[in-house]
Protein chains: 2
Amino acid sequence: MMDNCTNLGYLLTLSAKLMKYHLMKQLDQENFTVQQWAVIKDLERLEGLGGAENNFMAVSIANRLDMDKPTISGIIKRLLEKGYIEKYPHSTDKRASILKLSAQTKEILPRLEELSDQTVSAAVVDFTEEEISQLTHLLFRMTKNLKEEE
Amino acid sequence: MMDNCTNLGYLLTLSAKLMKYHLMKQLDQENFTVQQWAVIKDLERLEGLGGAENNFMAVSIANRLDMDKPTISGIIKRLLEKGYIEKYPHSTDKRASILKLSAQTKEILPRLEELSDQTVSAAVVDFTEEEISQLTHLLFRMTKNLKEEE
DNA sequence: GAAAAGAAGTTAGTATACTAACTATATCTA
DNA sequence: TAGATATAGTTAGTATACTAACTTCTTTTC
């Protein structure tokens with residue numbers, strides 16, 4: 001039982017690392033990192049839903065993507081520098097900013113989506129639909145267990 | 001299909017990150033990082049097998065743990081600084097060093113093992129033996145697919 | 001046996017993940 | 001309404017993951 005668990009921890013870490021590395025290689029073609037893509041993807045989803053401006057604050061993005069504030073602060077800084085997102089003042093909170101995707105980014109989004117999908121597809125190339133569902137379900141439960149441990 | 005794949009990528013990354021964070025918290029009690037523990041664990045396993053001295057070179061450890069040379073170089077440097085490992089000259093290759101666990105580290109190993117096992121156990125607390133085997137198997141296949149993509 | 005190619009490890013740089021501490025602003029409490 | 005507490009975001013520091021380039025040494029080639 002314990003041997004299996006140790007192997008599980010190692011395989012989880014290794015598979016996530018390999019997946020991230022492959023995705024990094026793909027996104028690098030368009031000058032994005034994996035984390036930058038995750039932020040872009042999150043903003044796209046929220047813009048599609050048309051939610052309140054508070055959803056576009058750095059702290060909200062950080063919460064949704066399970067990131068630390070200094071981490072999201074740095075990522076946003078670099079996305080602003082690259083012109084991939086734009087920053088607007090919050091209507092009532094002077095501390096906060098509202099972040100939006102730039103036109104340039106919206107234009108390239110389908111391409112990034114494609115690159116991302118290719119990576120995951122390559123990882124499960126020989127999986128059945130049921131196996132993919134199973135893996136997703138098991139990972140979700142694991143995530144839930146770990147979050148409850150906090 | 002594509003939605004499920006996107007969710008899979010996200011869950012894989014998230015679960016690995018949560019697992020690593022929990023392990024980090026545990027190992028921090030003994031002033032180890034997750035990567036340092038992985039290196040220690042790898043050396044312990046090899047010392048147990050009593051293999052050739054080449055197995056204890058930095059490049060060999062890097063290969064076994066799927067790490068880059070600069071990365072392993074930095075980790076080993078910090079482990080040496082902490083006194084957790086010791087460095088000896090290679091018998092024939094002046095470029096290389098042989099790395100061994102210090103007595104201090106060997107003493108604390110059972111404790112680190114326990115902390116590590118606790119983390120993984122917490123993640124699969126409500127899993128059956130079969131589910132753990134299944135998850136391990138699916139992750140292994142995913143890893144294999146991604147490595148073949150290189 | 002000398003030159004070319006390859007390998008072990010390090011350095012420099014960028015991006016991130018995290019803790020701790022900070023500034024400025026908002027909210028809560030007595 | 002003033003002081004206490006909390007929050008949004010940033011800075012500083014450490015550790016890591018990666019690319020590129022470097023030094024030193026070993027192996028291969030002609």
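Every value quoted in this text rests on a predicted model; they were computed, and no experiment measured them.
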Practice problem: Between Asp66(A) and Lys69(A), just flag the one whose closest nucleotide in DNA chain C comes earlier from the 5' side. | Solution: Asp66(A)

Quiz item: Using a cut-off of 4.0 Å on non-hydrogen atoms, how would the nucleic acid contact of Lys20(B) be classed: base, sugar-phosphate, or nothing?
Solution: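 Result for Lys20(B) = sugar-phosphate.
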
Quiz prompt | Upstream residue (5' side of DNA chain D) when Pro70(B) and Arg78(B) are each assigned their closest nucleotide | solution =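 Going by which nucleotide is closer to the 5' end, it is Arg78(B).
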
Quiz prompt | 5' precedence on DNA chain D between Lys25(A) and Ile75(B) (nearest-nucleotide basis) | solution = Ile75(B)

Practice problem: Check whether any side-chain nitrogen or oxygen of Tyr21(B) sits under 4.0 Å from OP1 or OP2 of dT16(C), and answer yes or no. | Solution: no

Quiz item: Would you say dT16(D) has OP1 or OP2 under 4.0 Å from some side-chain N or O of Thr33(B)?
Solution: yes

For [X] and [N], what is the distance between atoms [atom1] and [atom2] respectively, to the nearest whole Å?
X: Leu27(A); N: dA17(D); atom1: CG; atom2: P; value: 19 Å
X: Leu79(B); N: dG9(C); atom1: CG; atom2: P; value: 15 Å
X: Met57(A); N: dT10(D); atom1: CE; atom2: P; value: 11 Å
X: Ile72(B); N: dA17(D); atom1: CD1; atom2: C1'; value: 12 Å

Quiz item: For Gln29(B), does the CD atom sit with more than 12 other heavy atoms under 6.0 Å from it, leaving out its own atoms?
Solution: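 Counting other residues, nucleotides and ligands, CD of Gln29(B) exceeds 12 neighbours.
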
Quiz prompt | Interatomic spacing from OH in Tyr10(A) to OG in Ser116(B) - rounded to 0.5 Å | solution = 14.0 Å

Which of these nucleotides, [options], is closest to any side-chain atom of [X]?
X: Thr71(A); options: dA15(D), dA8(D), dA17(C); value: dA17(C)
X: Gln35(A); options: dA17(C), dT19(C), dT19(D); value: dA17(C)
X: Arg95(B); options: dA17(C), dT25(C), dT26(D); value: dT26(D)

Practice problem: Heavy atoms only: give me the nearest Leu146(B)-Met19(A) pair and the separation to one decimal. | Solution: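 The answer is CD1-N, 3.6 Å.
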
